[in-house]
Student: 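Please see the structure below; I have some questions.
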Amino acid sequence: RQLVGAHQRPLRKAKLEAAILKAQKAEVPEEEILPAAHLQSRVEDAIYRITSAMEQQTLLEMACGIDEAQELGVQDEALSKAQSLLTSFGQRAQRASEQRDLVELEWILGAWKIDDVGTGEGSATASGPEYQAVLQAEKVRGSLTKQVEEAERRFEAKRWDALKSAMERLQDAHIQEDIWDRWASAIRTEKHWSILHAVSGAALQLKRRLHTRRLEAVLQAEKVSLTQLDEAADAAEAGQVDKDLVAKARAEASTARQRWKDAKEAMDKKLVDRADVMVWKLKKGRVCVDELVNRQGLLWDLVDAIQDAEASKDWQAMRDAVAGWTEERPGIEHEAFKAPESATQLFRAAQKRQDELRLRELRQDVNDILDSLKDPMSSLSATEAKAELQRCAKLVREMLRLGWEMTPARNARLLLALGKVKAEGGREVSLARFNAALLQMLEGSPQVVLVLDTSGVKDMFEEELRAAALRLAEGIRRNTSGSACAVVTYSPVEVLSDLSSDFTQLRTLLAGLRCRAGKPQSAKALREAKQLLKLEKSEPQAPDRQQVILHLTAAPENTKDSQKALKVLDALQVSVLGLGIGSVKVEHLMKISSPGLAFKVDADELEDFLQDAFREVEEILKASHTGDPEEILRRLEGT
């Protein structure tokens with residue numbers, strides 16, 4: 001179950017590792033572990049690609065690593081950091097390129113390998129706005145660098161007129177001040193010209209203008225990180241920028257910092273709704289906090305744990321995930337809780353879901369017990385079977401405490417299990433198993449195909465098999481509503497009746513059947529039955545509709561072809577009940593019947609067997625509607 005859950009998105013390396021380790025300790029077959037191990041390797045490769053790209057500062061490789069991780073559905077700190085880094089990178093680069101700030105561009109882009117990245121075609125991340133902003137900034141940097149290098153060559157050549165023209169083209173840009181001052185000083189000395197640089201001059205007023213432009217760009221950005229806002233405010237304050245502008249930046253940073261502090265305190269106290277609201281306010285705001293972007297904090301641990309528990313359908317993990325968490329204002333609604341990733345919504349759902357998952361597990365345990373009692377190959381002794389039935393009653397009581405209801409159909413299954421455990425001797429055990437099959441078959445409005453072997457001994461067919469078919473048809477009519485029957489005979493294979501609810505016509509048809517000697521062709525008859533049920537390999541039956549084939553035979557064909565036909569029917573969830581008489585070997589009958597649904601009855605006992613079966617089934621159905629569920633459970637516990 002944990003292996004299956006580990007495959008569910010979002011994929012986390014730690015979750016996969018834990019699931020594989022537990023599976024290995026539980027000695028799960030290697031072939032069942034291999035898919036998870038392969039997935040773990042792919043996740044680790046994607047994470048390694050991202051971390052390596054960040055360490056080596058290779059932009060396109062980082063973008064491709066982000067693509068690979070997102071395609072897999074990975075959730076990892078390295079991915080969050082890479083996405084945050086690219087966002088910040090793009091925002092900074094865009095502001096610097098718009099201001100033609102070569103100093104800032106060199107500082108932002110200098111260490112990254114960007115020169116030969118191209119456009120990043122084929123990469124969703126490289127086609128995004130942040131990545132494209134970096135590429136555009138690199139072009140601006142390249143253009144400004146060439147202009148500076150050309151001006152420097154003119155300075156070296158003492159071409160003062162040409163240098164002045166180059167400096168005028170750079171007046172709206174910001175370059176290194178010592179270079180600009182060196183050029184300006186030479187021109188003043190040689191030509192007595194005065195050149196003012198609108199941005200990068202040495203004068204205090206011009207520096208103030210530069211820092212003002214940088215801070216305004218940060219304040220006008222749609223999104224900005226808290227780190228960038230602090231850096232811009234610090235630089236502006238040092239550059240004696242307008243105090244009100246600096247105060248505005250400081251106030252915005254303080255609000256974001258206080259909200260994160262409140263969110264962190266709420267997480268530490270495990271107040272899920274308060275923490276959720278504070279995180280929502282931060283997300284709606286303009287200022288991004290690194291811890292929020294990188295999903296750092298107990299709130300995301302809670303979300304991840306709930307999602308992992310749901311993926312593995314593990315009620316205990318769900319219970320442990322929410323342990324200790326509470327709501328400050330239980331049941332109160334807030335806009336923050338409408339988001340699909342809301343921790344509060346997940347927490348509230350988990351309160352109910354852990355009971356649902358526990359109930360699901362209990363139901364599976366009960367079904368396993370009842371199925372083991374039905375299985376003729378079960379090695380359970382009488383004592384062990386009684387103990388299993390008592391355990392079943394205990395599990396059902398726990399299910400009732402969780403809100404499960406005892407319906408008549410469920411009562412019938414338990415009563416039938418009780419009858420199977422108390423059955424003594426071969427006939428009683430066989431009858432109890434047959435009753436179980438009948439009860440399951442009679443649920444809802446079943447579609448039943450009678451497959452009759454007409455190739456055997458004439459007297460046996462006309463006296464036993466035909467009578468059995470009539471008894472089964474009558475029992476289906478009497479104990480179901482809206483059911484339909486069809487008839488296929490062999491050999492030769494012939495469809496005598498399509499699915500029909502006209503049981504009067506069906507009885508007339510069955511009463512007129514005669515034995516026809518021929519080679520048994522059960523495989524072909526089973527395939528014809530499938531066609532009558534209108535099933536295709538890719539379209540299993542609807543979950544609310546029972547579809548059953550009742551195969552009555554005295555000499556079934558035991559070939560691989562018959563077994564192939566059975567496999568197709570099993571895949572389509574069609575039950576094949578085999579009822580054999582005469583010389584039929586039960587081992588052969590089991591190979592062409594659904595598990596636990598092969599029955600061998602002596603020819604002279606068949607009529608009484610079916611009569612007793614339907615009488616007991618009708619008694620159980622009556623008791624299941626009128627009996628007290630508590631009394632039924634006490635009977636199970638007293639076995």
Side-chain angles (χ1 to χ4, degrees), residues 434 437-455 461 465-513 516 520-537 539-554 556-557 561-581 589 591-599 610 614:
F434 190 76
L438 284 179
L439 276 172
Q440 184 175 355
M441 181 183 74
L442 296 173
E443 286 184 16
S445 302
Q447 293 181 333
V448 182
V449 179
L450 293 170
V451 176
L452 305 179
D453 176 6
T454 61
S455 64
F461 173 79
L465 281 181
R466 185 175 60 189
L470 285 164
R471 173 71 68 178
L472 287 168
E474 175 61 19
I476 293 168
R477 182 198 65 78
R478 196 167 58 241
N479 294 287
T480 62
S481 175
S483 58
C485 272
V487 180
V488 177
T489 61
Y490 68 90
S491 286
V493 175
E494 184 179 358
V495 176
L496 297 186
S497 170
D498 287 334
L499 286 169
S500 171
S501 298
D502 188 345
F503 281 87
T504 300
Q505 182 181 1
L506 182 65
R507 283 195 301 271
T508 301
L509 180 67
L510 291 173
L513 278 178
R516 294 178 295 174
Q521 294 179 300
S522 54
K524 186 176 180 181
L526 290 174
R527 285 194 291 270
E528 287 292 342
K530 180 179 81 71
Q531 294 300 322
L532 289 173
L533 293 171
K534 297 179 174 56
L535 291 172
E536 299 297 335
K537 288 186 178 181
E539 300 177 1
Q541 61 164 290
D544 59 345
R545 183 179 66 189
Q546 289 285 334
Q547 293 184 309
V548 183
I549 295 174
L550 295 179
H551 182 196
L552 281 66
T553 179
E557 177 188 25
D561 199 23
S562 298
Q563 294 173 43
K564 287 179 181 178
L566 177 66
K567 286 182 179 180
V568 172
L569 291 165
D570 282 343
L572 295 169
Q573 302 171 23
V574 177
S575 298
V576 180
L577 185 151
L579 182 58
I581 62 172
L589 194 61
K591 291 180 180 179
I592 57 172
S593 303
S594 297
L597 297 184
F599 300 89
L610 291 176
F614 275 106

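Everything numeric in this text was worked out from a predicted model, so none of it was measured.
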Student: Quick one: pull up CG in Leu510 and SG in Cys485 and give me the separation to the nearest 0.5 Å.
Tutor: 8.5 Å

Student: How long is the span from the CG atom in Asp498 to the CG atom in Leu533, to the nearest 0.5 Å?
Tutor: 11.0 Å

Student: Roughly how far, to the nearest 0.5 Å, is the CG atom of Leu579 from the CG atom of Leu465?
Tutor: 8.0 Å

Student: For the atom pair CD (Gln563) and NZ (Lys591), what is the distance rounded to the nearest 0.5 Å?
Tutor: 6.0 Å

Student: Does Thr489 reach the main-chain N or O of Leu452 with its side chain, forming a donor-acceptor pair under 3.5 Å?
Tutor: no

Student: Anything under 30° is parallel, anything over 60° is perpendicular, the rest tilted; go ahead and classify Tyr490 against His551.
Tutor: tilted

Student: Just jot down the side chain to side chain donor-acceptor pair (under 3.5 Å) partners of Arg466, sequence neighbours excluded, or say none.
Tutor: none

Student: Closest heavy-atom contact between Ala469 and Leu552?
Tutor: N-CD2, 3.7 Å

Student: Please report the closest heavy-atom contact between Asp453 and Ala554, naming both atoms and the distance.
Tutor: OD2-N, 3.2 Å

Student: Donor-acceptor pair, Thr480 side chain versus Ser445 backbone, under 3.5 Å?
Tutor: no

Student: Do the side chains of Leu472 and Leu610 get nearer than 4.5 Å, heavy atoms only?
Tutor: yes

Student: Looking just at side-chain N and O atoms, do Ser522 and Ser562 make a donor-acceptor pair shorter than 3.5 Å?
Tutor: yes

Student: Could you tell me which residues satisfy side chain to side chain donor-acceptor pair (under 3.5 Å) with Ser593, sequence neighbours excluded, listed by chain and number?
Tutor: none

Student: Give me each pair satisfying salt bridge (charged side-chain N to carboxylate O under 4.0 Å, His left out) with a member in residues 467-478, each pair once, sequence neighbours excluded.
Tutor: Arg471-Glu607, Glu474-Arg477, Glu474-Arg478, Glu474-Arg507, Arg478-Glu618

Student: Do Val574 and Lys530 pass the side chain to side chain contact (heavy atoms under 4.5 Å, CB included) test, and can you show the C-alpha distance, the side-chain angles, and the key distance before you say yes or no?
Tutor: CA-CA 9 Å; Val574 177; Lys530 180 179 81 71; over 6 Å; no

Student: Can you name the ring-ring contact (aromatic ring centres under 6.0 Å, His included) partners of Phe614, sequence neighbours left out?
Tutor: none

Student: Test side chain to side chain contact (heavy atoms under 4.5 Å, CB included) on Leu506 and Asp502; report intermediate values, then the result.
Tutor: CA-CA 6 Å; Leu506 182 65; Asp502 188 345; over 6 Å; no

Student: Identify the two heavy atoms, one from Leu499 and one from Ala484, that lie closest to each other, and give their separation to 0.1 Å.
Tutor: CD2-O, 3.9 Å

Student: CD1 of Ile549 to CD1 of Ile592: how many Å apart, nearest 0.5 Å?
Tutor: 11.0 Å

Student: Would Arg527 and Asp561 pass as an ion pair if we require N to O under 4.0 Å?
Tutor: yes

Student: Which heavy atom of Leu566 sits nearest a heavy atom of Ser594, and at what distance?
Tutor: CD1-N, 4.1 Å

Student: If every non-hydrogen atom of Val493 is compared with every non-hydrogen atom of Ala525, which pair is closest and at what distance?
Tutor: CG2-N, 3.9 Å

Student: Quick one: do Val449 and Glu528 satisfy side chain to side chain contact (heavy atoms under 4.5 Å, CB included)? Show the steps, please.
Tutor: CA-CA 10 Å; Val449 179; Glu528 287 292 342; over 6 Å; no

Student: Considering residues at least two apart in sequence or located in another chain, which fulfil the side chain to side chain donor-acceptor pair (under 3.5 Å) criterion with Ser497?
Tutor: none

Student: Which value, rounded to the nearest 0.5 Å, describes the distance between Ser575 atom OG and Leu550 atom CG?
Tutor: 10.0 Å

Student: What residues form a side chain to side chain donor-acceptor pair (under 3.5 Å) with Gln505, not counting sequence neighbours?
Tutor: none

Student: Taking all atoms of both residues into account, what is the closest heavy-atom pair of Gly580 and Leu589, and its distance?
Tutor: N-CD2, 3.6 Å

